[in-house]
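We count ligands from 1, going down the list as the structure has it; atoms in each ligand are counted the same way. We're numbering straight along the sequence, starting at 1.
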Amino acid sequence: APRTVLISGCSSGIGLELAVQLAHDPRQRYQVVATMRDLGKKGALEAAAGEALGQTLAVAQLDVCSDESVAQCLSCIQGGEVDVLVNNAGVGLVGPLEGLSLAAMQNVFDTNFFGAVRLVRAVLPGMKKRRKGHIVVVSSVMGLQGVVFNEVYAASKFALEGFFESLAVQLLQFNIFITLVEPGPVVTDFEGKLLEQVSTADFPDTDPDTLHYFRDFYLPASRELFRSVGQSPQDVAQTNARYTPLAALKAVDPSGSLYVRTSHRLLFRWTRFLNLGLRCLACGCLRIRIWPR
Ligand code: NAD
């Protein structure tokens, strides 16, 4: 029988692509429940799903921040059985910390972290009873390393990593497996939404120097990063080899100092060479040892 796959956040981006790819599996191994918070946005998914719609793909409402919504969604799945859960829904938050509200920060944790926890708690009893299941978590490279002006978003992804790494140990006893996916920059609506957020925010209580670093260093560098090493949601299931050298800095120097200093130099000292620097990092020709500690 096909496996029931429940995916959160399917109105756009990675969730939409994953839902469509699984629903089009030539061997029809999956029955996809593609969920989204606002069913008014289901048009793009339905168009991309094509003839899979109503066959191997069903669309359902699910707000990962609501217990009622999660319960309602699971009650509509035949037998309530989810074989594979994909925690994909997520929101970003960028900007100088002093200028962001605590409510905005809490919303990031409510969605990215507690949203995933809420879904896992709901499907886990069934998976444990059946002694079978797979939980996939769309984390981020920012779950492995911090990125300037993304402190709260990175913290929410670090939280996911710690939570699921801990849970994975127990769940092996139940034959339930966890996969953490850590994409680098992916060209989706995600970046556009963040830039829109930034263009309308005035970041109160932020000193001029910090605002200058954010607007004149970070934002152009971020755009360049997406342009030069961003991958498409279609191939996000595979490793983004182009981002690997940056991620590897932390493994090379477990103290974390090499990564922090390299990021700092790339952004604040070498902005003019950022493009070149990223390309060199991408092809590996710029050896990390030319940045002495
Ligand atoms: P996206 O904005 O296209 O997708 C995020 C989805 O989550 C949207 O459909 C949004 O509506 C949904 N969502 C937000 N709050 C929700 C809620 N309360 N309930 C249900 N759905 C909700 O962006 P994306 O790039 O496809 O992001 C998908 C995941 O990938 C996110 O977890 C994100 O953190 C992660 N990620 C993205 C990138 C990137 O560069 N785009 C990189 C690494 C990881």
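S139 and E182 share no donor-acceptor pair across their side chains, judged by distance under 3.5 Å alone. Between the side chains of Y213 and D207, no donor-acceptor pair is found at a separation under 3.5 Å.
Looking at every heavy atom in both residues, N112 comes nearest to G90 through OD1-CA, 3.2 Å.
Proximity of the aromatic rings of F158 and F113 is defined here by a centroid distance below 6.0 angstrom, and this criterion is not met. Under the 6.0 Å cut-off for aromatic ring centres, F203 and F214 qualify, their centroids lying closer than that.
Of all atoms in ligand 1, numbered sequentially from 1 with element shown, those under 4.0 Å from a heavy atom of F226 are 40 (O). Close contacts between ligand 1 and G13 involve ligand atoms 3 (O), 26 (O) [criterion: under 4.0 Å to a heavy atom]. Of all atoms in ligand 1, numbered sequentially from 1 with element shown, those under 4.0 Å from a heavy atom of L62 are 19 (N), 20 (C). Of all the atoms in ligand 1, the ones that sit under 4.0 Å from a non-hydrogen atom of C65 are 18 (N). For ligand 1, the atoms lying closer than 4.0 Å to a non-hydrogen atom of D63 are 17 (C), 18 (N), 19 (N). For ligand 1, the atoms sitting less than 4.0 Å from at least one non-hydrogen atom of T111 are 15 (N), 16 (C), numbered in the order shown with element in parentheses. Ligand 1 places these atoms under 4.0 Å from at least one heavy atom of G90: 5 (C), 7 (O), 14 (C), 31 (C), 32 (O).
The distance criterion of under 3.5 Å between nitrogen or oxygen atoms is met by V186 with respect to ligand 1. At under 3.5 Å, a nitrogen or oxygen of I14, whether backbone or side chain, sits near a nitrogen or oxygen of ligand 1.
Of the possible donor and acceptor atoms, one in the side chain of H24 sits under 3.5 Å from a partner among the backbone N and O of A49.
For atom 4 (O) of ligand 1, the closest non-hydrogen atom on the protein side is S12 OG, 3.6 Å. Nearest protein neighbour of atom 2 (O) of ligand 1, counting heavy atoms only, is K193 NZ, 2.6 Å. Protein heavy atom nearest atom 6 (C) of ligand 1, with residue, atom name and distance: G9 O, 3.8 Å. Among all non-hydrogen protein atoms, the one lying nearest atom 43 (C) of ligand 1 is P183 O, 3.4 Å. In terms of protein heavy-atom proximity, atom 22 (C) of ligand 1 is closest to A89 CB, 3.6 Å. When only non-hydrogen protein atoms are considered, atom 32 (O) of ligand 1 lies nearest to N88 O, 2.8 Å. Looking only at protein heavy atoms, the nearest one to atom 25 (O) of ligand 1 is T188 OG1, 2.7 Å. Remark: minimum distance from atom 42 (C) of ligand 1 to any protein heavy atom is reached at G184 O, 3.2 Å.
Residue D253 holds its CG atom at 5.0 Å from CG of L258, rounded to the nearest 0.5 Å. Distance OG1/T4 to CG/D83: 5.0 Å, rounded to 0.5 Å.
Looking at L194, N107, V138, it is V138 that brings a heavy atom closest to atom 30 (O) of ligand 1. Counting heavy atoms only, F190 comes closest to atom 27 (O) of ligand 1 of the residues Y153, F190, F114.
Of the heavy atoms in E191, none comes closer than 4.0 Å to ligand 1. At a 4.0 Å heavy-atom cut-off, ligand 1 touches V64 through backbone and side chain alike. With a 4.0 Å cut-off on non-hydrogen atoms, S139 touches ligand 1 through its backbone and not its side chain. Contacts between P185 and ligand 1 below 4.0 angstrom, taking non-hydrogen atoms only, involve the backbone exclusively.
Around the CD atom of Q28, the shell of radius 6.0 Å holds no more than 12 heavy atoms that belong to other residues, nucleotides or ligands. The local environment of CZ in R29 is crowded, with over 12 non-hydrogen atoms from other residues, nucleotides or ligands closer than 6.0 Å.
Contact check on E196 versus K193 returns no salt bridge, with no Lys/Arg side-chain nitrogen under 4.0 Å from an Asp/Glu carboxylate oxygen.
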**Request:** Quick one: do Q173 and K128 satisfy side-chain hydrogen bond (donor to acceptor under 3.5 Å, both in side chains)? Show the steps, please.
**Result:** CA-CA 9 Å; Q173 288 293 100; K128 280 185 165 177; over 6 Å; no
**Message:** One pair to check against side-chain hydrogen bond (donor to acceptor under 3.5 Å, both in side chains): Q61 and S69. What are the steps and the verdict?
**Reply:** CA-CA 7 Å; Q61 197 274 340; S69 174; 3.1 Å; yes
